[in-house]
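Here the structure is a predicted model, which means the values were calculated and not measured.
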Amino acid sequence: MRGLILSILLFFSFCVYAEKYNTDVVPLPMFVELKGGEFTFDVNTSYKIEGVDAPDNGQLLKYLVKNCLNSSLTRKKNSGEICLKIVPCVGKYENPEAYTICARKKKIDVCASSAAGLFYAIQTIKQLLDRNGNRVPAVDIYDIPRFPYRGVMIDVSRNFRNKEFIKKQIDALSSLKINRLHLHLTDGAGWRLQIDKYPRLTEFAAWRKGETWKQWNGKYCEHDDADAHGGFFTKDDIREIVEYAASHYITVIPEIEMPAHSEEVLAAYPELSCAGEPYKQSDVCIGNEKSFEFFQNILDEVVELFPSQYIHIGGDEASKQAWKSCEKCQKRMADEGLKDVDELQSYMIHRIEQYLNSKGKSMIGWDEIMQGGLAPNATVLSWRGPQYGFKAAEEGHFAIMTPSRLCYLDAYQDAPFSQPEAIGGYLPISLMYSFDPAPDTISVKARNNILGVQASMFTEYIATDEHAEYMLYPRVLAIAEMGWTRQNLREFTDFRRRALAVNDKLKSDGYNVFDLHSEIGNRPESLESIDHIALGKKVIYNDCNWAEKYPASGESTFTDGVRGGWIYSDGRWQGFYNGDTDRALDVTIDLENLTDISFIGADFIKLSGPNVWFPEKVIISVSDDGENFTELTTILTEPVRDNVLSFKNISWNGKAKARYVRYQAFNRWRFVFTDEIVIK
């Protein structure tokens, strides 16, 4: 009995202790075990480093003192010691980023096989201090990352960000154990990197009239034009960024777009286009040997600036249209035995990869580089959907996952009406966190070839530094945990609780974060259980086709009880687009028996920017035999020309008896999206 009482007392004392100390760390460590007591940091806390030589230990120590110690701490005699140990790379320290923390009342021992591991341990200690008022609870932590690549991409082409902004983000990203920063340096909106051999890229192609991407008319201007907006990184800027990132254990990966998204290149050097004129095309001429000379010369200078093993070459969204009629491209295809323009693009990707390999570098590109045959040593950055990364990994290539639906930070993160303008889409932190980059449903071989995950922030609609930070945080926290923490340890409710604290700290540190505390969440209707008599009934699609990219749940969409959320691309709204006919939607629902009906209605969504509109006319009809229909109502709507997200229910109320219900919606040359046809 005494032993039982003692056990109960010990249990309750541990619970009180656990409540007293906060271990809300992001990303979640692999193993955390609370002990008894605490370690208190103050101005007399001492530090030392033990173990094998590491050239950056001095810098690491300086970072720790700067970030974990400040003059406002209370003086205390006989303060404890923190000991940083670099240990031989064996056993649990075989991963260079793994670490252990053993915190007790008088000492904290931190062990890792590299300075990177010590750095990440310091980030964990820093978060524990933030949560507990300069105290670290007595705790044992063993931690190791799930993936070696944990990245964030920032597009500086559409709207330029200067080096101070980039360095500020490096501070935050490194605190979350992000270890790759992918800079989207070139695109049609502007060239952002000094290249000595081609000065027109920064004298002309880096500048435009129009402060933001939205205000830009597609033309470039001279750097000294009074109305010029834009900018670029000098080589000294890049060296500073790269060095600063390295001191935070982040590798900077440059992206030089080719062969598409090259309008700025072709405006500055039009001889590289198939037309030989500026403002005609976005793809460089692959049949022109000068195109290869140009990019190889650029890569020579890029390789000198960036120590990253990877150089990103773009490779996405080439129209390929000009190549079909270009004499030089057609000759190249004939000479090389290439059967189509996909293989022509692949020819260029292969040649560029060989050139990079000769420089000791590896190539990475967006998943379109798989078209026409993937270069042998290339790594795929999968953005169009996870399936492309899985396919590349299954075929023996490395892949990094950044599917746009789940990892692109240019989408709305809350109810769109409450948010600053975005490119579209709805990506709340909960949906982002739900993504598993390497699920058990793929083979072991494929899982082993998935290097990690990346959040990608394109900036067409993100004009200011403040807006960019708002889109980054807190969603980057989800990517950080997705990349670091084992899938079986991840659970959203627990993550959100921890993310709230980290996001609040980022705000107090001067970052413009989205207030996760006040998140509205999904469209309330979409979470309600819909009870109506058409649930599960057969839907017959008449002379209409849903848009291939927006199938929702296929033929069960209108009777599955699932409502759409805040955005048409959420996989719940079904899209229709009939082109030269004005009838977009035309379906019949079979209720199976003659049924008394008092209501027939459907919701529609409008966002005119991407050409999503309410129908101009709706006809609702009923039938006993499915052949002869009686019209119940025709409803006409006035078009609303603003670009405000809105919803409309278009319905009939009355009395009818029928087995079949036909719902038709009309709108020529525009998308119409519907989620459920409710019948009562």
Side-chain angles (χ1 to χ4, degrees), residues 23-33 92-101 110-128 130-131 139-153 169-182 245 248-251 253 389 398-402 406-407 409 429-430 432-440 447-448 450-456 472-503 505-506:
T23 57
D24 290 346
V25 175
V26 177
L28 182 70
M30 175 178 280
F31 173 83
V32 179
E33 183 178 11
K92 60 186 176 183
Y93 299 114
E94 287 183 359
N95 187 310
E97 295 180 313
Y99 65 88
T100 60
I101 298 173
V110 178
C111 295
S113 63
S114 76
L118 295 183
F119 180 84
Y120 293 131
I122 289 169
Q123 305 314 313
T124 298
I125 292 172
K126 178 73 165 55
Q127 287 195 38
L128 292 173
D130 292 339
R131 307 293 166 267
V139 66
D140 287 340
I141 295 176
Y142 170 57
D143 207 1
I144 185 171
R146 181 184 183 191
F147 295 112
Y149 187 111
R150 306 174 301 279
V152 169
M153 185 278 278
Q169 306 323 307
I170 287 170
D171 289 339
L173 298 179
S174 64
S175 74
L176 300 168
K177 304 181 177 73
I178 295 291
N179 66 355
R180 299 290 189 276
L181 175 59
H182 167 188
H248 291 67
Y249 297 89
I250 288 178
T251 300
I253 297 175
F398 288 133
I400 297 158
M401 309 304 291
T402 185
L406 297 161
C407 293
L409 302 182
I429 194 170
S430 57
M432 195 170 197
Y433 190 81
S434 70
F435 177 49
D436 181 358
D440 290 340
R447 290 201 299 274
N448 289 339
I450 292 175
L451 296 181
V453 64
Q454 175 174 292
S456 297
L472 283 165
Y473 310 108
R475 287 184 293 186
V476 163
L477 277 66
I479 282 287
E481 185 147 308
M482 202 184 303
W484 184 278
T485 304
R486 293 297 189 273
Q487 181 68 20
N488 66 324
L489 298 177
R490 296 205 292 121
E491 192 276 323
F492 179 70
T493 302
D494 175 67
F495 165 76
R496 191 178 190 278
R497 177 180 56 79
R498 291 179 284 112
L500 285 168
V502 176
N503 205 43
K505 182 61 170 61
L506 286 168

* Indicate yes or no: at least one non-hydrogen side-chain atom of Leu176 is less than 4.5 angstrom from one of Val502. => yes
* From Asn488 CG over to Arg146 CZ, what is the distance, rounded to the nearest 0.5 angstrom? -> 9.0 Å
* CA sep, side-chain torsions, deciding dist, call: Tyr249, Glu97, side chain to side chain contact (heavy atoms under 4.5 Å, CB included) -> CA-CA 10 Å; Tyr249 297 89; Glu97 295 180 313; over 6 Å; no
* What's the verdict on side chain to side chain contact (heavy atoms under 4.5 Å, CB included) for Leu500 and Asp24, showing C-alpha distance, side-chain angles and the deciding distance? -> CA-CA 9 Å; Leu500 285 168; Asp24 290 346; over 6 Å; no
* Asked: Quick one: CE on Met482 to CE on Met432, what's the gap to the nearest 0.5 Å?
  -> 5.5 Å
* With side chain to side chain contact (heavy atoms under 4.5 Å, CB included) as the test, would you mind laying out the steps for Asp494 and Arg498 before giving the verdict? => CA-CA 6 Å; Asp494 175 67; Arg498 291 179 284 112; 2.9 Å; yes
* Does a salt bridge link Arg447 with Asp436, judged by any charged N lying under 4.0 Å from a carboxylate O? -> no
* **Ala245: side-chain contact (heavy atoms from CB on, under 4.5 Å) partners, not counting sequence neighbours** => Ile170, Ile250, Val252
* **Tyr99 and Asp143: side chain donor to acceptor below 3.5 Å** => yes
* Check: Val110 and Ile125 side chains under 4.5 Å, non-hydrogen atoms -> yes
* Is Phe147 atom CZ crowded by more than 12 heavy atoms from other residues, nucleotides or ligands, each under 6.0 Å away? -> yes
* Closest contact, heavy atoms only, Leu118 versus Cys111 -> CD2-C, 4.1 Å
* Check the pair Gln487, Asp440 against side chain to side chain donor-acceptor pair (under 3.5 Å), reporting the backbone distance first and the verdict last. => CA-CA 10 Å; Gln487 181 68 20; Asp440 290 340; over 6 Å; no
* To do: Check whether any side-chain heavy atom of Pro145 sits under 4.5 Å from a side-chain heavy atom of Arg150, and report yes or no.
  => yes
* **Smallest separation among heavy atoms of Asn179 and Pro148, with atom names** => ND2-O, 2.8 Å
* Asked: Looking at CD1 of Ile178 and OG1 of Thr251, how far apart are the two atoms once the value is rounded to the nearest 0.5 Å?
  -> 12.5 Å
* Asked: How many angstroms lie between atom OH of Tyr473 and atom CG of Leu506, to the nearest 0.5 angstrom?
  -> 6.5 Å
* Asked: Side chains of Tyr142 and Glu33: closer than 4.5 Å at any heavy-atom pair?
  -> no
* Side chain to side chain, Ile141 and Leu128, heavy atoms closer than 4.5 Å -> yes
* For the residue pair Tyr433 and Phe495, does the interplanar ring angle fall in the parallel (under 30°), tilted (30 to 60°) or perpendicular (over 60°) class? -> parallel
* **All side-chain contact (heavy atoms from CB on, under 4.5 Å) counterparts of Thr485, not counting sequence neighbours** => Pro27, Leu28, Glu481, Leu489, Arg490
* Could you walk me through whether Lys177 and Thr124 pass the side chain to side chain contact (heavy atoms under 4.5 Å, CB included) check? -> CA-CA 9 Å; Lys177 304 181 177 73; Thr124 298; 3.0 Å; yes
* If you round to the nearest 0.5 Å, how far is NE2 of His248 from CD of Gln123? -> 8.0 Å
* Should Ile144 and Arg486 count as side-chain neighbours, where that means a heavy-atom distance under 4.5 Å? -> yes
* Structure fact -> What one should report as the nearest heavy-atom pair of Ser113 and Asn95 is OG-O, 3.7 Å
* **Minimum side-chain heavy-atom gap Trp484-Val26 below 4.5 Å** => no
* To do: Mind checking the CD1-OH spacing from Ile101 to Tyr120? Nearest 0.5 Å is all I need.
  => 14.0 Å
* **Nearest non-hydrogen partners of Thr402 and Ser456, listed with the distance** => OG1-OG, 2.9 Å
